[in-house]
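Below, read A as the first sequence line, B as the second, and so on, with proteins coming before strands; counting in each chain starts at 1.
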Amino acid sequence: MRATRYLIIGNGAAGATAAETIRRHDPDGDITILTAEPYPMYSRPGLAYVLINEIPAKQIFCRTLAWYDNLRLNLTLGKATQLDVVNRLVWLEDGRSLPYDRLLIATGARATSPPYPGHDLQGVVYLDTYDGTNDLIERSKRARRAVVVGGGITALEMTEGLAHRGVETHYFLRRDRLWSQVFNDEEARLLEKIMRAHHVHIHYNTEVSEIIGDRRGRVREVKLKDGSTFKCDLLGVAIGVKPLIDVVQNTPIQTDRAILVNEYLESSVPGVYAAGDCAQVYDRWTQQHMVDILWPSAVAEGAAAGLNMVGKRHAYVKGSPFNACLLFGLHITTMGQINPRRDDEEVEVVQHISRGSSEVWYTHPRTYRSAWAGDGENTIRLVINGDFLVGAIIIGEQRLADPLRYLIEQQVNIRHLRVDLEAGGETLKQSLLRFWQQIEPVSAAG
Amino acid sequence: MSMIRRLKNRLSGSTEEQPLKSLELGRVVADASRCVQCGVCGYNCPVGIPVRDYARQGLPVDNPACIACGNCVAVCPRGTLRWETGSHALVVERFARQVGSPEPGWED
């Protein structure tokens, strides 16, 4: 029997993990990974740490070329442009075509470019590829003043990196709160204080309407919605991501915001799978298909797709939203459902944690309550629905992060904790620890 | 043999005795579901252990070269790595028995 031909478009978290999984179960399969970037797999989240100068750029390569050789993976440079699902062929930009028996589309996503004029000027920078990040770093060496736009983690990482590299950094926010889709006022103020100490200038209610270039096509200033202009030579943009799904255009493969897949990561066309940022997977927490822009999710989806591609039926079950990050030296973990808005604002909450996080839509019932406690740079906020913890955000000291994640994911009944919190009298942390001891036998007893 | 002695032996490259690290000194364990494979851990390892290769697979860093300095745990931006002592593993195990098994990969 002829060896099965597996073709994987994309060499990121989902693609490389799928290849590794396929090889584990099919020692004879012919596995090809098509990559549009001339590098072995690298850590996209790691780009932020390169920008901040925590690690040298080459450290983010998380597989060696020997790894591909050892697993007999054919790493091929090229850009897929069109898919022929009838003849099972992928056409490349350079005219070549690659045949497949099983195809995985793991093309990922790219930063969205700004919707206003001037986005093609030099100095409009993104933190989403190796080359883009190196460009950003090179330009930061000559830049005097940078503006960063975007409301999520990636924008904050960019402001941190640029400020750290000695560029006068201005952070523009359309509204009046930092990371407004996650933080409440207290949490936002806490990060704001730290950002100011890092010499980041924060401008609230400030929106760019146009980027203006000089004669050589480089960013010179930005025009704002209020009509004024603001001089800068760099514009960092992190306003969201766009799944790369051009390759499935003109095919019967169903898409929404990304490629729609079933619980086996298979698209509407048998034999064609999708995983990672370009896939829209079923989420049991919202009972909807969603794009899950997170590295660990892409790894898990890639592994599940690999199993299904070798014929082992394996249903992918998406975990509850979870993300941990480090911003300006502050550890921040978000998990489950977090509603930063006041109860009276709206019933339907659209929560869209921007780049580097899980993108979630939740209908937030009015019955949700939250408990918040802050102590200097350490805060904990719990979101409670009835007798269950549904979300939490932990800033600073992280010792309770894993226990809280456990309570959320395992849907542990927290009635005693809720009663304690409502009674007041002790701190949230004390109540939590006491609850923890109640469900955990003390070591002396065991 | 005292723990200090074992450490000294290890630092001087002596193979006199393999210490029971997991029981006495503890070891570094990883939660793969937090790992983004950035490599900050391995870059900060003074003895050059590719910590990321363990972390991404959720494996404990059972490398004989490990000097238990804790650098990788301290620098990980995602909270992937944790110092685990024998008694900690015991507590987690008891907790799991009480409220149900943790999902695979949640704890080592």
From A/Leu191 atom CG to A/Glu377 atom CD, the distance as rounded to the nearest 0.5 Å: 10.0 Å
Top contributor to chain A interface from B/Gly79, B/Gly39, B/Pro77, B/Cys35 [non-hydrogen pairs under 4.5 Å]: B/Pro77
Contacting region of A/Val50 [heavy-atom separation from chain B under 4.5 Å]: neither
Contact winner vs chain B - A/Ser43, A/Gly46, A/Ala48, A/Pro296, heavy-atom pairs under 4.5 Å: A/Ser43
Side-chain donor-acceptor contact under 3.5 Å, A/Glu37 with A/Tyr42: yes
Side chains of A/Val317 and A/Glu263 in contact at under 4.5 Å (non-hydrogen atoms): no
Min side-chain heavy-atom separation B/Arg34-A/Asp402 under 4.5 Å: yes
Proximal component of A/Glu20, with respect to chain B [non-hydrogen, under 4.5 Å]: side chain
Heavy-atom pairs under 4.5 Å with chain B, option from A/Glu54, A/Arg63, A/Gln398 with the top count: A/Arg63
Salt-bridge contact A/Arg405-B/Asp31 (side-chain N to carboxylate O under 4.0 Å): yes
